[in-house]
Amino acid sequence: GSNHLAHLLRRNLNIKVLLFNNRIYGLTKGQYSPTSERGKKTKSSPFGSPDEPVNPLLFALGCKATFVARSSAVNGSHLHEVLLEAYRHKGTAFLEILQNCNVFNDKAFDEFDAREKRDEHEVFLLEGRPIVFGRDKDKGISFADGNMKITEDPSLASIHDPSNLAYACHLATAAFPDFPIPMGVFYKEQRRVYEDELKETLAKVSSRSIEDLFLSGEWWEI
């Protein structure tokens with residue numbers, strides 16, 4: 001559930017979260033889900049979903065996740081690379097995987113994720129490299145005055161810095177067809193994991209006597 005996920009992310013447990021997003025509840029026969037598009041017609045929303053969809057990446061970034069990334073189930077080589085990065089990260093790694101449901105929501109991402117469309121409609125994020133896309137890498141994404149825009153001059157493309165939280169949040173809002181869909185690692189940072197913090201706290205507590213603990217902080221006699 002999202003409640004448990006929020007606390008997992010903010011505490012930074014050394015766990016890897018793979019969120020398979022197919023914009024539908026496929027296992028329960030096709031109801032609309034938290035990531036379904038507004039207006040989506042399904043068995044539980046025959047007149048179209050009235051809800052705004054959740055952005056999984058913004059959710060993770062808002063919960064202070066230390067590793068946030070996206071890949072696609074139909075791009076095996078890229079998914080393999082991102083999974084390895086997530087595995088190597090010490091802390092909670094959150095990876096959204098775009099996945100098709102060919103029974104209840106077929107071709108959900110084909111408009112930008114089909115093999116023949118990726119070059120023009122997806123942008124692959126590489127640390128320290130310009131954010132460029134297109135078959136000839138002739139377009140890019142730039143950040144200026146706090147805004148994200150597409151530039152036809154790839155030399156003006158911004159350099160991807162996954163340590164920059166503000167840029168990561170901007171990239172997470174990029175939606176097709178206004179922008180190509182970013183793929184790769186949006187954000188990462190090294191922060192102490194929850195397990196280490198907990199062990200340290202337990203060590204401090206266990207070194208004190210019961211009487212010490214009872215009489216610590218505010219207390220009074222009756």
Side-chain angles (χ1 to χ4, degrees), residues 1-89 91-118 121-122 124-125 168-169 171-177 180-188 194:
S2 57
N3 184 46
H4 298 89
L5 180 59
H7 299 306
L8 166 65
L9 294 170
R10 72 182 181 86
R11 286 171 175 160
N12 197 36
L13 279 82
N14 192 22
I15 290 175
K16 317 308 169 190
V17 178
L18 308 182
L19 179 89
F20 292 92
N21 180 9
N22 54 22
R23 292 178 173 172
I24 201 77
Y25 278 133
L27 292 178
T28 51
K29 312 305 181 188
Q31 297 87 358
Y32 79 102
S33 78
T35 59
S36 294
E37 314 93 305
R38 186 177 177 86
K40 183 75 173 181
K41 292 183 178 181
T42 71
K43 292 180 178 179
S44 58
S45 57
F47 299 102
S49 165
D51 300 339
E52 288 295 328
V54 171
N55 183 320
L57 299 180
L58 282 179
F59 177 86
L61 290 167
C63 292
K64 298 189 176 181
T66 55
F67 183 100
V68 178
R70 176 196 282 145
S71 189
S72 164
V74 296
N75 190 343
S77 59
H78 184 262
L79 178 58
H80 178 258
E81 292 173 8
V82 180
L83 281 170
L84 283 177
E85 285 200 63
Y87 170 77
R88 295 182 184 120
H89 178 74
T92 307
F94 179 88
L95 172 57
E96 178 189 21
I97 301 173
L98 305 184
Q99 179 196 44
N100 194 48
C101 175
N102 59 5
V103 177
F104 296 106
N105 199 25
D106 197 19
K107 300 179 180 179
F109 304 106
D110 270 16
E111 58 186 356
F112 59 82
D113 197 38
R115 186 187 298 273
E116 66 275 9
K117 297 180 180 179
R118 285 178 202 154
H121 297 161
E122 292 181 350
F124 293 91
L125 306 173
C169 290
L171 287 167
T173 65
F176 186 80
I181 298 298
M183 294 285 187
V185 179
F186 288 65
Y187 182 74
K188 63 180 179 180
Y194 182 78

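All heavy atoms count here, side chains included; hydrogens, waters and symmetry mates do not. Numbering of residues begins at 1 and proceeds along the displayed sequence.
- Between N100 and the options D106, D113, N22, a side-chain hydrogen bond (donor to acceptor under 3.5 Å, both in side chains) holds for only D106.
- Other residues, nucleotides and ligands contribute over 12 non-hydrogen atoms within 6.0 Å of the CG atom of L84.
- The salt bridge (charged side-chain N to carboxylate O under 4.0 Å, His left out) check on E85 picks up K188, with sequence neighbours excluded.
- Checked against side chain to side chain contact (heavy atoms under 4.5 Å, CB included), N3 has the following partners two or more places apart in sequence or in another chain: H7.
- With sequence neighbours excluded, no residue forms a ring pair (Phe, Tyr, Trp, His ring centres under 6.0 Å) with F94.
- Rounding to the nearest 0.5 angstrom, the gap separating the CG atom in L125 from the CG atom in L171 is 5.5 Å.
- The number of heavy atoms from other shown groups lying within 6.0 Å of NZ (K16) is above 12.
- Counting only residues at least two apart or on different chains, no ring-ring contact (aromatic ring centres under 6.0 Å, His included) pair has a member in residues 20-57.
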N/O donor to acceptor pairs below 3.5 angstrom from side-chain atoms of residues 52-64, sequence neighbours left out:
| residue | atom | partner | partner atom | Å |
| --- | --- | --- | --- | --- |
| N55 | OD1 | L57 | N | 3.1 |
| N55 | OD1 | L58 | N | 3.1 |
| N55 | ND2 | A172 | O | 2.9 |

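- Counting heavy atoms from C-beta on, the side chains of I181 and E111 never come closer than 4.5 Å.
- Between the NE2 atom of H121 and the CG atom of D110 there is a distance of 12.5 Å, given to the nearest 0.5 Å.
- The shortest side-chain heavy-atom distance between N75 and M183 does not fall under the 4.5 Å cut-off.
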Just do the side-chain hydrogen bond (donor to acceptor under 3.5 Å, both in side chains) check on S72 and H78 with the steps written out, would you? CA-CA 8 Å; S72 164; H78 184 262; over 6 Å; no

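- Under the side chain to side chain contact (heavy atoms under 4.5 Å, CB included) criterion, N105 pairs with R23, I24, K40, C101, A108, not counting sequence neighbours.
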